[in-house]
K.L.:
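This is the structure I have questions about; it appears just below.
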Amino acid sequence: MKNIYVFLSLTLIFAFGCKKDEHPVPNYRFTAYVDLMLPDYNKQVFKVSSDRFGNRVGVAGVIVYRMATDEYYVFERYCPHDQKLTCVVDVTPGNTTASCPCCESEFLIAVPDGDVIDGPSVYSLKSYRTRMDGNYLVIYN
């Protein structure tokens, strides 16, 4: 009988004690192709809201940070703190950070994680994966 209580206690602890804290940005599935030969996308930092086929990129568009010739960090513009389509994160002067105009959280975009460096947000920016396909940057999740 004692073993049953121990087993039930451990089961309850594992079932309810370890709750995964999910990122608040909705998981919108997409694959986008961005032509890096176009002048708008031939910069160190740029924003993309739709790809060459007119498909939406991310929930509220993305910020792309070029780290090296073939290394890119891509972040969702949908603010993880405010969670409103009217509050989109934008690049700040200097091009290594981005901030939300509503909550004033500031995020570092010159690193792969989009870490919070100031403000009320407890979540970093949602990042997306990338790969190169010729002159195209492929952004996906």
Side-chain angles (χ1 to χ4, degrees), residues 2-141:
K2 183 179 177 183
N3 289 339
I4 292 174
Y5 288 123
V6 171
F7 176 75
L8 287 174
S9 297
L10 289 174
T11 302
L12 290 173
I13 289 171
F14 285 116
F16 298 106
C18 299
K19 194 173 188 180
K20 186 178 179 183
D21 196 15
E22 292 189 26
H23 201 283
V25 175
N27 192 19
Y28 172 70
R29 289 273 187 218
F30 69 94
T31 301
Y33 291 80
V34 179
D35 187 351
L36 296 175
M37 299 305 287
L38 295 173
D40 287 347
Y41 306 132
N42 197 2
K43 302 174 185 174
Q44 182 179 17
V45 179
F46 55 90
K47 298 177 278 189
V48 180
S49 57
S50 60
D51 71 0
R52 69 184 185 134
F53 302 112
N55 299 319
R56 182 174 73 175
V57 180
V59 177
V62 296
I63 295 173
V64 179
Y65 183 87
R66 182 188 307 228
M67 186 63 181
T69 304
D70 60 348
E71 183 179 7
Y72 294 84
Y73 304 144
V74 178
F75 304 102
E76 176 63 53
R77 294 186 67 201
Y78 185 88
C79 181
H81 180 75
D82 281 313
Q83 302 176 32
K84 299 175 196 167
L85 288 174
T86 56
C87 296
V88 293
V89 175
D90 207 355
V91 179
T92 57
N95 292 339
T96 58
T97 62
S99 63
C100 174
C102 299
C103 71
E104 298 180 353
S105 291
E106 192 170 357
F107 306 91
L108 186 60
I109 60 172
V111 295
D113 298 327
D115 297 326
V116 179
I117 55 176
D118 194 20
S121 182
V122 294
Y123 293 97
S124 61
L125 292 177
K126 183 172 186 168
S127 62
Y128 294 116
R129 293 184 242 170
T130 63
R131 66 179 170 81
M132 293 299 298
D133 185 3
N135 291 328
Y136 291 95
L137 174 65
V138 182
I139 305 168
Y140 62 98
N141 62 347

K.L.:
Please assess I109 against V45 for the test side-chain contact (heavy atoms from CB on, under 4.5 Å), listing each intermediate value before the final yes or no.
P.N.:
CA-CA 9 Å; I109 60 172; V45 179; 4.2 Å; yes
K.L.:
Once you round to the nearest 0.5 Å, how far does SG of C100 lie from CD of E106?
P.N.:
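One finds 11.5 Å between SG of C100 and CD of E106.
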K.L.:
From Y41 OH over to F46 CZ, what is the distance, rounded to the nearest 0.5 angstrom?
P.N.:
7.5 Å
K.L.:
If we ignore hydrogens and angles and just use 3.5 Å, is the side chain of Q83 paired with the main-chain N or O of V25 as donor and acceptor?
P.N.:
no
K.L.:
Is the CD atom of E104 crowded by more than 12 outside heavy atoms at less than 6.0 Å?
P.N.:
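12 or below, so no.
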K.L.:
Is there a donor-acceptor pair closer than 3.5 Å between any side-chain N or O of S105 and the backbone N or O of S121?
P.N.:
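Yes, S105 side chain to S121 backbone: donor-acceptor pair under 3.5 Å.
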K.L.:
Tell me, with the steps shown, if K126 and Y78 meet side-chain contact (heavy atoms from CB on, under 4.5 Å).
P.N.:
CA-CA 8 Å; K126 183 172 186 168; Y78 185 88; over 6 Å; no
K.L.:
Grab the two heavy atoms, one from Y33 and one from R131, that are nearest each other, plus how far apart they are.
P.N.:
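So the two residues come closest at OH-NH2, 3.8 Å.
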K.L.:
Please check this pair: side chain of H23 against backbone of S124, looking for a donor-acceptor N/O pair closer than 3.5 Å.
P.N.:
yes
K.L.:
Flag the pair E76 / Y28 as yes when at least one side-chain heavy-atom distance between them is below 4.5 Å, and no otherwise.
P.N.:
no
K.L.:
Strictly by modelled atom types, are Y140 and R129 linked by a side-chain donor-acceptor pair under 3.5 Å?
P.N.:
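Note: Y140 and R129 side chains miss the donor-acceptor criterion.
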K.L.:
Just by modelled atom types, is the K84 backbone N or O under 3.5 Å from a matching donor or acceptor in the D82 side chain?
P.N.:
no
K.L.:
Is it true that N141 and N27 share a donor-acceptor pair across their side chains at a distance under 3.5 Å?
P.N.:
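Result is yes, a qualifying pair exists.
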K.L.:
With no hydrogens and no angle check, do the side chains of T97 and T92 hold a donor and an acceptor under 3.5 Å apart?
P.N.:
yes
K.L.:
With R56 as the cation and F30 as the aromatic partner, state whether NZ or CZ is under 6.0 Å from the six-membered ring centre and within 45° of the axis.
P.N.:
no
K.L.:
Looking at V89 and F107, what are the two nearest heavy atoms and their distance?
P.N.:
CG2-CE1, 4.1 Å
K.L.:
Give, for atom OG of S127 and atom CG of D115, the distance between the pair rounded to the nearest 0.5 Å.
P.N.:
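So the OG of S127 and the CG of D115 are separated by 10.0 Å.
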K.L.:
Check whether any side-chain N or O of D51 sits under 3.5 Å from a backbone N or O of F53 as a donor-acceptor pair, and report yes or no.
P.N.:
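Present.
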K.L.:
Looking at the rings of F75 and Y65, which for Trp means the six-membered one, are their centres under 6.0 Å apart?
P.N.:
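F75 vs Y65: aromatic centres not under 6.0 Å.
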K.L.:
Within a strict 4.5 Å, meaning less than it, do heavy atoms of the V59 and L85 side chains meet?
P.N.:
yes
K.L.:
When you compare the side chain of R66 with that of N42, does any pair of heavy atoms fall below 4.5 Å?
P.N.:
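In contact.
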K.L.:
Quick one: CG on D133 to CG on D35, what's the gap to the nearest 0.5 Å?
P.N.:
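Rounded to the nearest 0.5 Å, the CG-CG separation comes to 11.0 Å.
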K.L.:
Does the side chain of L125 reach to within under 4.5 Å of the side chain of P80, using non-hydrogen atoms?
P.N.:
yes
K.L.:
Once you find the SG atom in C103 and the one in C87, is the distance between them below 2.5 Å?
P.N.:
no
K.L.:
Just wondering, do T31 and V138 contact through their side chains at under 4.5 Å, heavy atoms?
P.N.:
yes
K.L.:
Determine whether a donor-acceptor pair (N or O, by modelled atom type, separation under 3.5 Å) exists between the side chain of Y72 and the backbone of V64.
P.N.:
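No: the side chain of Y72 does not pair with the backbone of V64.
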K.L.:
Does a salt bridge link D90 with K47, judged by any charged N lying under 4.0 Å from a carboxylate O?
P.N.:
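Yes, D90 and K47 are salt-bridged.
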K.L.:
Could you grab the distance from atom OG1 of T69 to atom CE of M132, nearest 0.5 Å is fine?
P.N.:
9.5 Å
